[in-house]
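Read the structure below first, then the notes.
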Protein chains: 2
Amino acid sequence: MKTTGEILRESREKKGLLLRHVSALLDIDTAILSKIERGERKATREQINKLAEILEINKESLIVQYLSEKILYELKDEDLGIQALKVAEKTIKYGVTKNK
Amino acid sequence: MKTTGEILRESREKKGLLLRHVSALLDIDTAILSKIERGERKATREQINKLAEILEINKESLIVQYLSEKILYELKDEDLGIQALKVAEKTIKYGVTKNK
DNA sequence: TTTAATTTGACAATATTTGTCAAAAATAGA
DNA sequence: TCTATTTTTGACAAATATTGTCAAATTAAA
């Protein structure tokens, strides 16, 4: 499975766009976009939306990949990550929302 | 399934401890512990460790519940949460770690 | 009823994230 | 080659989010 960064870089290059072009549309420095594409930084949720539009990427698949990386980042030092994911999944499915 | 806050409050009361006692051991104000138990605030990872010890709660189950709430918090406004969880789960299982 | 415990909310301190900038490194044409 | 352009790097600044204190209000219980 491709990382978010890989998807973004490949899509940008396929369109013949430079970091300069895309980062201008996102209103950020090229340095950040460079880091996002190489997985050194995470994009913001808003940037993901914009990038899907600019690069004409399937929005859903991009978001799913992005979110899954965000989750994995939270769990990166945890031994019980898989169990936590399973509990989270069940909770979503059963539509339980006790907390504020 | 009980929330982290419910587990903490019930365990504390079962031991006959006051917020004052436990929050002193955690070195925080009672106000925060009160909020944590009612789900208004999240505990830190360190506080969870300490609380498991102080209240003699099964550490693994407390951590799993805590982490799953953290994940759900990230996904609370997302339509594609379940898909993201599934991708994350597969990624952990296959041991893929491309990003820094 | 009054003492102790808990809750509430404003806001302060701290930590994390997101960004800029300038210079270095890599890449591509002439 | 050489030299323009693009990309990458890393130090640091700005913005945002999290975690905390405090004092007063509310609730519970002696």
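So you know, we letter chains A, B, ... as the sequences are listed, proteins then strands, and number each from 1.
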B:Glu13, CD atom: more than 12 neighbouring heavy atoms under 6.0 Å: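 Atom CD in B:Glu13 is packed in, count exceeds 12.
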B:Lys14 atom NZ, over 12 foreign heavy atoms within 6.0 Å: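 At most 12 heavy atoms, drawn from other residues, nucleotides or ligands, come within 6.0 Å of this atom.
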Base paired to C:dG19 (Watson-Crick or G-U; both N/O distances under 3.5 angstrom): D:dC12
Identified pairing partner of D:dA4, criterion: Watson-Crick or G-U wobble below 3.5 Å: none
Nearest-0.5 Å distance, OG of residue A:Ser61 to CD1 of residue A:Ile7: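 Rounded to the nearest 0.5 Å, the OG-CD1 separation comes to 6.0 Å.
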Spatial distance of atom CG (A:Leu17) from atom CD1 (A:Ile54) [nearest 0.5 Å]: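 Going from the CG atom of A:Leu17 to the CD1 atom of A:Ile54 covers 8.5 Å.
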Ionic contact status for B:Glu46 with B:Lys50, cut-off 4.0 Å: no
Salt-bridge contact B:Lys42-B:Glu69 (side-chain N to carboxylate O under 4.0 Å):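 No, this pair does not count.
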[X] [atom1] - [N] [atom2] separation (whole Å):
| X | N | atom1 | atom2 | value |
| --- | --- | --- | --- | --- |
| A:Leu33 | C:dT20 | CG | P | 12 Å |
| A:Lys70 | C:dT16 | NZ | P | 17 Å |
| B:Glu37 | C:dT8 | CD | P | 13 Å |

Phosphate OP1/OP2 of D:dT7 contacted by A:Arg9 side-chain N/O (<4.0 Å):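 Answer no for this pair, as no side-chain N or O of A:Arg9 is under 4.0 Å from OP1 or OP2.
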A:Ser34 side chain near D:dT8 phosphate (N/O to OP1/OP2, under 4.0 Å):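 Answer yes for this pair, as a side-chain N or O of A:Ser34 is under 4.0 Å from OP1 or OP2.
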Residues from residues 11-21 of chain A lying under 4.0 Å of DNA chain D - heavy atoms: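 A:Arg12, A:Leu18, A:Leu19, A:Arg20, in order of number.
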Face-on cation placement of B:Lys70 at B:Tyr73 ring, 6.0 Å and 45° thresholds: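 No, a cation-pi geometry is absent between B:Lys70 and B:Tyr73.
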Pull out every protein N or O sitting under 3.5 Å from an N or O of nucleotides 14-20 of chain D, one pair per line with the distance.
residue	atom	partner	partner atom	Å
D:dG20	OP1	B:Gln47	NE2	3.1
D:dG20	OP2	B:Gln47	NE2	3.0
D:dG20	N7	B:Arg41	NH1	2.7
D:dG20	N7	B:Arg41	NH2	3.4
D:dG20	O6	B:Arg41	NH2	2.8

Anti/syn call for D:dA15, syn if |chi| within 90°: anti
B:Gln65 versus B:Thr4, side-chain donor and acceptor atoms under 3.5 Å: no
Side chain to side chain, B:Leu62 and B:Lys59, heavy atoms closer than 4.5 Å: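 Side chain of B:Leu62 against side chain of B:Lys59, heavy atoms only: no contact under 4.5 Å found.
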Shortest side-chain distance from B:Ala31, nucleotide among C:dT6, C:dT8, D:dT9: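 In terms of side-chain proximity for B:Ala31, the closest of C:dT6, C:dT8, D:dT9 is C:dT8.
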